[in-house]
Amino acid sequence: MDIGIKGKACEIVKEGNTALSMGSGGLKVYATPAMIALAEKAAYLSVEEYLEEGQGTVGTLMDIKHMAATPVGMEVRAESELIEVNNRELTFKIEVFDEREKIGEGIHKRFIIYNEKFQNKVNAK
């Protein structure tokens, strides 16, 4: 897998992904947990086609700043760029934008796993 792989994921801010609805705050603004999930989606989708059959990735770290609020009705776009590959650990630079400005940035790590083996191990807990 090569450094430089880019990904993107978008969504509209709706009642269901506001801080009030998600329980992360009391306002009808885009929730930080929703922003994190969108950033993870951009990253994992960007590398899916480069994985072997039966492999997937799981998130292991999210170090992100949520720098600006976004109202209901506005589109949010998360962009990822693979900046480091260390064996099966992948490190991504994350940037998140609404229609007006950058609203988030940070680092996200994912680990390449074998789906069935991983699921079986978790199910055995």
Side-chain angles (χ1 to χ4, degrees):
M1 195 166 308
D2 295 326
I3 289 172
I5 295 170
K6 294 184 179 182
K8 182 171 76 167
C10 301
E11 69 181 355
I12 302 295
V13 180
K14 298 180 180 175
E15 294 293 327
N17 59 10
T18 63
L20 182 62
S21 292
M22 296 189 82
S24 65
L27 298 173
K28 291 183 179 181
V29 297
Y30 192 54
T32 302
M35 185 179 76
I36 290 169
L38 190 66
E40 282 201 272
K41 183 178 182 179
Y44 96 78
L45 287 177
S46 73
V47 296
E48 266 193 334
E49 69 182 275
Y50 301 99
L51 299 172
E52 296 173 13
E53 181 75 28
Q55 286 185 326
T57 62
V58 293
T60 59
L61 173 95
M62 182 62 81
D63 183 6
I64 196 159
K65 296 178 199 173
H66 195 167
M67 305 175 316
T70 305
V72 172
M74 196 172 273
E75 184 178 69
V76 176
R77 178 183 79 253
E79 297 178 358
S80 68
E81 181 180 358
L82 184 60
I83 60 171
E84 185 179 342
V85 178
N86 184 8
N87 294 318
R88 293 192 298 153
E89 184 183 66
L90 310 175
T91 303
F92 297 86
K93 179 178 101 175
I94 300 292
E95 293 183 300
V96 187
F97 303 87
D98 65 20
E99 296 172 23
R100 297 257 171 99
E101 62 188 329
K102 183 191 285 190
I103 64 166
E105 64 184 12
I107 297 294
H108 175 45
K109 291 185 183 259
R110 299 190 70 78
F111 198 79
I112 298 171
I113 51 99
Y114 291 91
N115 294 328
E116 188 175 339
K117 182 179 176 184
F118 184 89
Q119 189 67 60
N120 288 339
K121 184 177 178 182
V122 172
N123 292 346
K125 274 188 162 183

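Just so you know, these numbers come straight off a predicted model, no measurement behind them. Residue numbers run from 1 in the order of the sequence given.
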Under the side chain to side chain contact (heavy atoms under 4.5 Å, CB included) test, residues paired with Ala31 that sit two or more places apart =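 Here the qualifying residues are Ala19, Met22, Ser24, Pro33, Ala34.
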Do [X] and [Y] land in one hydrophobic cluster if side-chain heavy atoms of ILVMFWY residues count as linked below 4.5 Å?
| X | Y | answer |
| --- | --- | --- |
| Val76 | Val72 | yes |
| Ile94 | Tyr44 | no |
| Ile36 | Val13 | yes |
| Phe97 | Ile103 | no |
| Leu90 | Tyr50 | yes |

For [range], pull every pair meeting salt bridge (Lys or Arg N to Asp or Glu O under 4.0 Å), keeping only residues two or more places apart or in separate chains.
| range | result |
| --- | --- |
| residues 66-87 | Arg77-Glu79 |
| residues 43-55 | none |
| residues 113-125 | none |

message = So, using side chain to side chain donor-acceptor pair (under 3.5 Å) as the criterion, who are the partners of Lys14 when residues are at least two apart?
response =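 With neighbours one apart ignored, the set is empty.
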ask   = When you measure from the side chain of Asp98 to the backbone N and O of Glu101, does any donor-acceptor pair fall under 3.5 Å?
value =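 Yes, because the side chain of Asp98 sits within donor-acceptor range (under 3.5 Å) of the backbone of Glu101.
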query = Counting only N and O atoms by type, is there a donor-acceptor contact under 3.5 Å from the side chain of Ser21 to the main-chain atoms of Glu15?
reply =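 At least one qualifying donor-acceptor pair exists.
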key: Stepwise side-chain contact (heavy atoms from CB on, under 4.5 Å) test for Lys93 and Glu95   = CA-CA 7 Å; Lys93 179 178 101 175; Glu95 293 183 300; 4.1 Å; yes
request  = Working to the nearest 0.5 Å, report the span between NZ of Lys6 and OG of Ser80.
outcome  =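 Answer rounded to 0.5 Å: 10.0 Å.
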key: Spatial distance of atom CZ (Phe111) from atom CD (Glu89) [nearest 0.5 Å]   =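 So the gap between those two atoms works out to 7.0 Å.
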ask   = For the residue pair His108 and Ala43, what are the closest heavy atoms and their distance?
value =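 Shortest heavy-atom contact: CD2-CB, 3.7 Å.
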request  = Over all heavy atoms of both residues, which pair between Ala78 and Ala42 is shortest? Give the atoms and the distance, please.
outcome  =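 Looking at all heavy atoms of both residues, the closest pair is O-CB, 3.7 Å.
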I want to check something: taking the side chain as every heavy atom from C-beta on, are [X] and [Y] in contact at a cut-off of under 4.5 Å?
| X | Y | answer |
| --- | --- | --- |
| Thr91 | Ile107 | yes |
| Met1 | Ile112 | yes |
| Asn17 | Tyr30 | yes |

request  = Taking atom types as modelled, find out whether Asn123 and Gln119 have a side-chain donor-acceptor pair closer than 3.5 angstrom.
outcome  =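 Their side chains do contain a donor-acceptor pair, which is all the 3.5 Å distance test asks for.
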Got a list of side-chain donor-acceptor pairs under 3.5 Å for residues 56-68, not counting sequence neighbours?
from: Thr57; atom 1: OG1; to: Arg110; atom 2: NE; distance (Å): 2.8
from: Thr57; atom 1: OG1; to: Arg110; atom 2: NH2; distance (Å): 3.3
from: Thr60; atom 1: OG1; to: Lys109; atom 2: O; distance (Å): 3.4
from: His66; atom 1: ND1; to: Thr32; atom 2: OG1; distance (Å): 2.7
from: His66; atom 1: NE2; to: Ala68; atom 2: O; distance (Å): 3.3

task = Please test Ile5 against Phe92 for side-chain contact (heavy atoms from CB on, under 4.5 Å), starting from the C-alpha separation and ending with a verdict.
result = CA-CA 9 Å; Ile5 295 170; Phe92 297 86; 6.0 Å; no
